[in-house]
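Let me begin by presenting the structure, written as structure tokens, before commenting on it.
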Amino acid sequence: MLKTLKTLFTGANARAEERVRDTFALELIDQKIRETESQLKAAKATLASLMQRQRSEQRLFDAVTARIETMLTRTKDALKEGREDMATQAAEAIATMENEAQLRKNTLDRLEVQISRLQASVGAAHRRIIDLKQGAITAKAMRREQQMQSRLNSTISSTSSADEAEELIAKVVGKDDPFEQSQILAEINADLNHNTLEDRMAAQGFGPATKVTAQDVLSRLK
């Protein structure tokens with residue numbers, strides 16, 4: 001029972017977290033981009049420090065190498081002059097400097113490998129941030145489009161205002177014309193009073209005319 005409840009709580013928490021992540025997706029994207037940029041900045045600082053150390057080690061290596069060359073020349077000159085005591089001391093100094101040079105050469109080799117790897121990582125991170133920013137722009141544009149579409153759907157699907165307007169239009173358009181009704185009523189009354197029958201018979205020449213026509217007026221004027 002407890003295991004089942006724990007599973008249900010875990011599932012509910014996961015769904016709640018998913019809803020929060022979806023709601024604040026854009027804010028989370030921006031935050032993750034900022035974190036990635038901060039990591040890239042730290043990596044660049046480390047790379048700059050390694051490159052600075054490499055240059056320093058290179059200068060020291062070049063200096064000790066130059067001293068070795070100079071000391072070798074001096075040793076050769078001492079041997080030519082028969083100063084083996086000086087040549088022996090010089091040889092000891094040369095051995096010490098060559099050991100130092102070898103250590104610095106090993107350090108330079110290690111720094112070169114580290115710098116090469118870190119440069120590749122920094123380049124990849126930089127390109128990835130560019131892709132993330134472009135993706136964020138696309139995501140924001142899509143979110144705005146989704147919000148606009150949601151509002152439009154809400155407006156279209158809303159039945160209160162639209163249905164009320166359609167109902168009013170139908171009432172106005174479908175309402176009977178009162179003027180037409182009065183004309184029809186007058187015709188009905190005329191038929192009931194036989195007025196229209198007399199007019200029709202007079203028009204056919206049966207009996208005197210019930211109305212003065214334009215033709216009657218013209219006849220009187222002639």
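These numbers come from a predicted model, not from an experiment.
The side chain to side chain donor-acceptor pair (under 3.5 Å) contacts involving residues 71-81 comprise nothing, where partners must be two or more places apart or lie in separate chains. Listed by first and then second residue, the salt bridge (charged side-chain N to carboxylate O under 4.0 Å, His left out) pairs involving residues 88-103 are Glu100-Arg104 (not counting sequence neighbours). Within the structure, side chain to side chain donor-acceptor pair (under 3.5 Å) contacts touching residues 119-129 (residues at least two apart or in different chains) do not occur.
Atom CD of Glu84 has 12 or fewer heavy atoms from other residues, nucleotides or ligands within 6.0 Å.
Listed by chain and number, the residues in a side chain to side chain contact (heavy atoms under 4.5 Å, CB included) with Arg110 are Asn106, Thr107 (sequence neighbours excluded). Residues meeting the side chain to side chain contact (heavy atoms under 4.5 Å, CB included) test with Gln58, sequence neighbours left out: Phe61, Asp62, Leu108. In this view, Ile33 and Ile29, Glu37, Leu132, Lys133, Ala136 satisfy the side chain to side chain contact (heavy atoms under 4.5 Å, CB included) rule, not counting sequence neighbours. Every residue meeting the salt bridge (charged side-chain N to carboxylate O under 4.0 Å, His left out) condition with Asp85, not counting sequence neighbours, appears here in chain and number order: Arg83. Applying the side chain to side chain contact (heavy atoms under 4.5 Å, CB included) rule to Arg67 yields the partners Met97; only residues at least two apart in sequence or on another chain are considered. Residues meeting the side-chain hydrogen bond (donor to acceptor under 3.5 Å, both in side chains) test with Asp131, sequence neighbours left out: none.
Look at Arg34 and Asp30 and you find no salt bridge, because none of the NZ, NE, NH1 or NH2 atoms lies under 4.0 Å from a carboxylate O.
The closest donor-acceptor contact from the side chain of Thr36 to the backbone of Lys32 lies under 3.5 Å.
No side-chain donor from either of Gln52 and Arg55 sits under 3.5 Å from a side-chain acceptor of the other.
Alongside Ile130, the hydrophobic cluster contains no other residue (criterion: ILVMFWY side chains under 4.5 Å). Through chains of ILVMFWY side-chain contacts below 4.5 Å, Val122 is grouped with Leu40, Leu47, Leu50, Met51, Leu111, Ile115, Leu118, Ile129. In this structure, Ile137 shares a hydrophobic cluster with no other residue, the cluster being traced through Ile, Leu, Val, Met, Phe, Trp and Tyr side chains under 4.5 angstrom apart.
Under the 4.5 Å side-chain heavy-atom criterion for grouping Ile, Leu, Val, Met, Phe, Trp and Tyr, Leu72 is connected to Val64 within one hydrophobic cluster.
Rounded to the nearest 0.5 angstrom, Arg53 CZ and Glu57 CD are separated by 5.5 Å.
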